[in-house]
Amino acid sequence: MVMTARNLAVARGGVTVLQGLDFALAPGEALILRGPNGSGKTTLLRTLAGLQPLAGGEIDLPPDTVAYAAHADGLKSTLTVAENLAFWAAIYGGPSPDQAVQAMDLAALTRRRAGELSAGQKRRLGLARLLVTGRPLWLLDEPTVSLDVASVALFAEVVRQHLAGGGAAIIATHVDLGLPEARVFDLDPYRIRIMVRDGFDEAFG
Amino acid sequence: MRALLLRDLRLAMRTGGGFGLGLAFFLILAVLVPLGVGAEGATLGRIAPGILWVGALLACLLSLDRIFALDHEDGSLDLLATSPIPLEGVVAVKALAHWLVTGLPLTLLAPGLGVLLNLAPGAYGWLVLSLLLGTPTLSIVGAFGAALTVGLRRGGLLLSLLVLPLYMPTLIFGAEVVRRGADGMALGTPLALLAAISLGAVALLPFAAASALRVNLR
Amino acid sequence: MSIWEYANPKKFMQTSARALPWAIGLTVICLVVGLVWGFFFTPDDYKQGSTVKIIYLHVPSAMMAINVWVMMLVTSLIWIVRRHHVSALAAKAAAPIGLTFTLIALVTGALWGQPMWGTWWAWDPRLTSFLILCLFYFGYIALWSAIENPDTAADLTAILCLVGSVFALLSRYAVNFWNQGLHQGASLSLDKEENVSDVFWVPLLVCIAGFVLLFVTLVLMRTRTEIRARRLQALLARERVA
């Protein structure tokens, strides 16, 4: 197993939004999170990435396994595409950026500054960052925003290769990625209807 | 870690603005003070140590909110927090980068401004030494303040309010070193205390700042 | 029974509701007795005349200004280590009270200093330290009010309080080093020789007790308000979803 979550609960701003989550992810598996806006997809991904404390339950996840890609790509507009990728490769100690550049079709852009790229190109660069982390588990939050059809296909291919290489991915998305082998995980049954401020509320008479 | 330092330095160089502004501010202050106080050399010489230290401190303050705010906006901070580098290391490296582009240039510029302010000849060496020992504290305390206020919309103003009281010991000992240097008095005690505060701050504050960042990221 | 049971909001609300009337009553008695005694039934000082009587406001508020910060430091530590919400809210509730005590100490000090030293303000170490303390209070309160999420605010202000305490202590020594002052030595100490004479000493002690009780009363009331505000927020959040 790449990771296992048992009876997991996650909280946003002190309010528990999802609870009782049980799932496991084997190498080569992808999980697609489904749920309406505000259902806690981002919160779940941030919790798995270790950015937020758990509201309950437990996660089995070896250290240094996740690569997180949020709405913001973490790009510096004054650095070139190559410099941005080289930086994240150095930080994560991952493989050299060349292969990532090829995979996300950025070869023609390496010397351009990230600030000069279009929204879709930036997104591709942000996703190429995942490849240079060398981490086995990808946590992707709406990865296809501002990508055109061709780029979505490109991205799906990259994810497929990652899975084939023994990686895993958890993806929050609304669009069809063209990954029929991915498991769909609907968050709706785990949502909390009545929100309770954790640990504080029930203590009142 | 080295990659992060190099990136921050490169960003500071390319973006210009933010960090160069501190130096320009320091220069303007050194020009404004004589215009306001009067051109009499003796008066200027007497207040020069204090003015130079206050000026360096305020100039340093200008660029503090950039330490984490930009990385927070574009999502880099989230990614750094999930990276193999401990967040304490990130804080230390970013404070070091801030010092290299503000504290160090300010220290080098200060003797030149000392001439404008008629600083006593014996004090130049002590001015540079005290700034060299004191400005790292300004950067690391600033990084702590920036970590506390990173998610806030009007963080810049609040940051000054939080950080300035924390700067007081450094300011007092730093300016005291230069003043005693100018008067040719013994200055071992304030110099040692200044260095001690710097060492303590550099050793301990990255932990406080990193825990503040973790709270702000969740 | 462990003392931590009082950190349970419900238990705290019950206990504080019972304690409050007593606290209020004792505060009023102590303050009235102490101040009336001090103001009207003590002789004028042979050197300072009747101005010396401001001591009955000045000394207790100055002591409390520092003690409140220490209390905030302790409650912040409790919040960081044991995560009791009441503790964090008590620190939040105490800060404006501490700031007020600091301001009272500064203003009464200025009123006293003018006839004695011929100046409202001097950069004396004690005065300067209090001004710095005042800035620390401002920063702490500003940080609380700037952050929306109450748990985040509690965490960050607690960290600020810890770091701030270290720097406040450093500032205190730095300021002593920086300027030797006009201010007289401590008014009270265990070493009897230095103390003000007995005629002033007893009503002063009553006043100090009154100020401590006043603080306890105010901090209980304000903490209760904060707890109710949090409770209200929780209910509103529940309402929105249900």
Side-chain angles (χ1 to χ4, degrees), chain A residues 10-14 42-43 45-55 61-80 82-94 97 113-115 122-123 125-126 129-130 132-135 137-139 141-142, chain B residues 1-21 63 66-94 96-98 101 147 150-153 209-218:
Chain A
V10 299
R12 179 176 53 221
T42 298
T43 310
L45 288 178
R46 288 183 69 85
T47 308
L48 292 176
L51 291 167
Q52 291 189 343
L54 315 183
L61 188 64
D64 292 345
T65 36
V66 301
Y68 173 59
H71 302 286
D73 289 314
L75 303 175
K76 291 293 172 191
S77 54
T78 49
L79 298 184
T80 65
E83 284 169 339
N84 268 304
L85 280 179
F87 167 67
W88 288 114
I91 290 292
Y92 280 86
R113 293 196 170 187
K122 270 187 199 160
R123 195 71 217 181
L125 175 54
R129 186 188 61 80
L130 292 167
V132 303
T133 60
R135 294 271 176 98
L137 175 59
W138 290 358
L139 303 174
D141 199 353
E142 300 289 354
Chain B
M1 303 270 253
R2 213 169 57 101
L4 182 60
L5 180 64
L6 289 177
R7 180 194 73 151
D8 270 25
L9 294 179
R10 190 177 282 160
L11 283 173
M13 230 87 89
R14 296 235 177 120
T15 330
F19 295 106
L21 278 178
S63 50
R66 296 169 65 96
I67 296 183
F68 295 118
L70 297 179
D71 277 349
H72 185 254
E73 274 164 30
D74 65 20
S76 303
L77 205 54
D78 283 345
L79 303 177
L80 284 171
T82 55
S83 78
I85 302 182
L87 212 46
E88 288 79 4
V90 171
V91 171
V93 167
K94 291 188 82 69
L96 174 62
H98 179 264
V101 293
V150 72
L152 300 173
R153 246 168 287 128
S211 55
L213 275 183
R214 280 194 199 99
V215 171
N216 264 324
L217 284 179
R218 70 180 191 221

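So you know, we letter chains A, B, ... as the sequences are listed, proteins then strands, and number each from 1.
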inquiry  = With side chain to side chain contact (heavy atoms under 4.5 Å, CB included) as the criterion, how do Trp88(A) and Leu80(B) come out once you've worked through the C-alpha distance, each side chain's angles and the decisive distance to 0.1 Å?
reply    = CA-CA 9 Å; Trp88(A) 288 114; Leu80(B) 284 171; 3.9 Å; yes
query = Most heavy-atom pairs under 4.5 angstrom with chain A, which of Gly75(B), Ala3(B), Ser83(B)?
reply = Ser83(B)
request  = Find the distance between CG (Asn216(B)) and CG (Leu51(A)) and round it off to the nearest 0.5 Å.
outcome  = 12.5 Å
key: Asp74(B): side-chain hydrogen bond (donor to acceptor under 3.5 Å, both in side chains) partners, not counting sequence neighbours   = Lys76(A), Ser76(B)
message = How long is the straight-line distance from OG1 of Thr78(A) back to CG of Leu11(B), given to the nearest 0.5 Å?
response = 4.5 Å
inquiry  = I need the Thr43(A) OG1 to Arg218(B) CZ distance, nearest 0.5 Å.
reply    = 13.5 Å
task = Go through the atoms of Leu70(B) and report whether side chain, backbone, both or neither lie under 4.5 Å from a heavy atom of chain A.
result = both
query = Within the distance-only criterion (no hydrogens, no angle test), does the side chain of Arg46(A) pair as donor or acceptor with the backbone N or O of Asp78(B) below 3.5 angstrom?
reply = no
With a cut-off of 3.5 Å and sequence neighbours excluded, list every side-chain donor-acceptor pair involving residues 63-71 of chain A.
| from | atom 1 | to | atom 2 | distance (Å) |
| --- | --- | --- | --- | --- |
| Asp64(A) | OD1 | Arg135(A) | NH2 | 3.4 |
| Thr65(A) | OG1 | Pro62(A) | O | 2.7 |
| His71(A) | NE2 | Asp141(A) | OD2 | 3.3 |

ask   = Where on Ile91(A) is there a heavy atom nearer than 4.5 Å to chain B: the side chain, the backbone, both, or neither?
value = both
inquiry  = So which residue, Leu77(B), Leu79(B), Leu217(B), ends up with the most heavy-atom pairs under 4.5 Å with chain A?
reply    = Leu79(B)
